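A short write-up of the structure that comes next.
In each ligand, atom 1 is the first atom listed, and ligand 1 is the first ligand listed. Computed from a predicted structure; not experimentally measured.
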Amino acid sequence: MEAEKKAISLLSKLRNESQTDKPIIPFVEKFADTDIWNQYLEYQQSLLNDTDEKPRWFYSPWLFVECYAYRRIHEAVIQSPPIDDFDVFKEAKEQNFFESLESITALCIHLQELMTTIEDLEENQLKNEFFKLLQISLWGNKCDLSLSGGETSSQKTNIINTLEDLKPFILVNDMEHLWSLLSNCKKTREKVSVTRVDIVLDNSGFELVTDLVLADFLLFSNLATEIHFYGKMIPWFVSDTTIHDFNWVIEQVKHCDHKWVSKCGVDWENYVKMGKWVYHDHIFWTGPHEFCAMFHVAPDLYAELQKAHLILFKGDLNYRKLTGDRKWEFTVPFHRALNGFHPAPLCSIRTLKAEIQVGLRPGQGEQLTASEPNWLTTGKYGIFQFDGPL
Ligand SMILES: O=P(O)(O)OC[C@H]1O[C@](O)(CO)[C@@H](O)[C@@H]1O
Ligand SMILES: [Mn+2]
């Protein structure tokens, strides 16, 4: 009880600071990245040195302030033992999974059916199945609890039947690049025995299942031989995946009462045991930095990503960090916005929830603004945006 009271008082202090635009204060509790966060806060202060301003909630860059808010929530919890390992978003993430169970079941059955026919598929059919699962992983990103402010945002409809209707909402479609990259790897498999695809995960629940289904397909279609996943080390942006969520979702799927669904869970657990699926934890992903700073701030992580043949970045927050959340013109090339971040060929798979988008055709952004003023923030539109040697 005492710990809960302490955490609640710390959280209400945080809420008051954010609601009344108080100065942003340093972290005080020792943790893996306390110093990194406080150095970054000093950097934000240095940007204001020629004013007598301090970093503040209503004026500092949104990417920094929003990440700071979630890291402060974590600090309130770790300052309140013995609930210092409590995941404040666990209940919402689990509810999202259970509310999406029908769609999860349909998706796992689709995967098992595909597995039985995969041998008879020609190249073009295999490509189309790959594109379907990519689109399912894209639209799975709509199910995010931070855009909805914690309100439920589960997958109610069977997403497989809606892909055609959703196609017009894909603003940048580089799926062909992903196909040619991976099918070329497959053709040269004799020499290059390993094809590694890294997936930088986003939300747990339904979206995570779409990513695990895609990862399973990549293995049994032989388009890849190993998949590396990156989640978050602390509860983050409400629905983001932690290692507990990753293991919990696999466990839940394994214990589903539908035999084909539980077969998915058994297969996925085996991939992890065999090392065909590898889960990585790194503190960088819940820090304040844009990805162009990774080479200097987390060189070990940058070196790890360099081992991939292809990196898939899921979701909106990752896109904002890939592009530095800058006010780029809509037509600035994605390569330019990455600002030197090129560990390996990469693709952002993202539904738009923040006011940043690059790599559009001339006039495309303006046309969308005219027809649908909120196109950047509703999560209705999505992209597959690729960068790498073509
Ligand atoms: O889970 P995703 O796709 O990264 O979405 C998170 C996005 O939702 C918001 O928190 C709210 O719009 C954005 O600030 C953030 O980028
Ligand atoms: Mn998220």
What atoms of ligand 1 come within less than 4.0 Å of a heavy atom belonging to [X]?
| X | value |
| --- | --- |
| Lys353 | 1 (O), 2 (P), 3 (O), 5 (O), 12 (O) |
| Glu66 | 9 (C), 10 (O), 13 (C), 14 (O) |
| Asn141 | 3 (O) |

Do [X] and [Y] sit within salt-bridge range, that is, some charged N less than 4.0 Å from a carboxylate O?
| X | Y | answer |
| --- | --- | --- |
| Lys167 | Asp165 | no |
| Glu17 | Arg72 | yes |
| Asp267 | Lys263 | yes |
| Glu94 | Lys90 | yes |

TODO: Could you say whether the N/O atoms of Gly315 and ligand 1 ever approach to under 3.5 Å?
DONE: no

Open item on the list: Looking only at distances, can you tell me whether any N or O atom of Trp62, backbone or side chain, sits closer than 3.5 Å to an N or O atom of ligand 1?
Closed with: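 No; the residue has no nitrogen or oxygen that sits under 3.5 Å from a nitrogen or oxygen of the ligand.
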
Open item on the list: Report whether any nitrogen, oxygen or sulfur of Ser239 sits less than 2.8 Å from the Mn ion (ligand 2) (N, O or S, backbone or side chain).
Closed with: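 Given the 2.8 Å cut-off, Ser239 does not count as a ligand of the Mn ion (ligand 2).
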
Task: Residue-ligand contact Tyr319/ligand 1, heavy atom below 4.0 Å - done: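 For ligand 1, residue contact (heavy atoms, under 4.0 Å) with Tyr319 is absent.
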
Open item on the list: Would you compute the distance between atom OG1 of Thr241 and atom CZ of Phe229 and round it to the nearest 0.5 angstrom?
Closed with: 10.5 Å

Open item on the list: Does only the side chain of Asn203 get under 4.0 Å from ligand 1, or the backbone, or both, or neither? Count heavy atoms.
Closed with: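 The answer is the side chain of Asn203.
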
Open item on the list: If you consider just the N/O/S atoms, which atom of Asp240 is the closest one to the Mn ion (ligand 2)?
Closed with: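 Checking each N, O and S atom of Asp240, the shortest distance to the Mn ion (ligand 2) belongs to OD1.
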
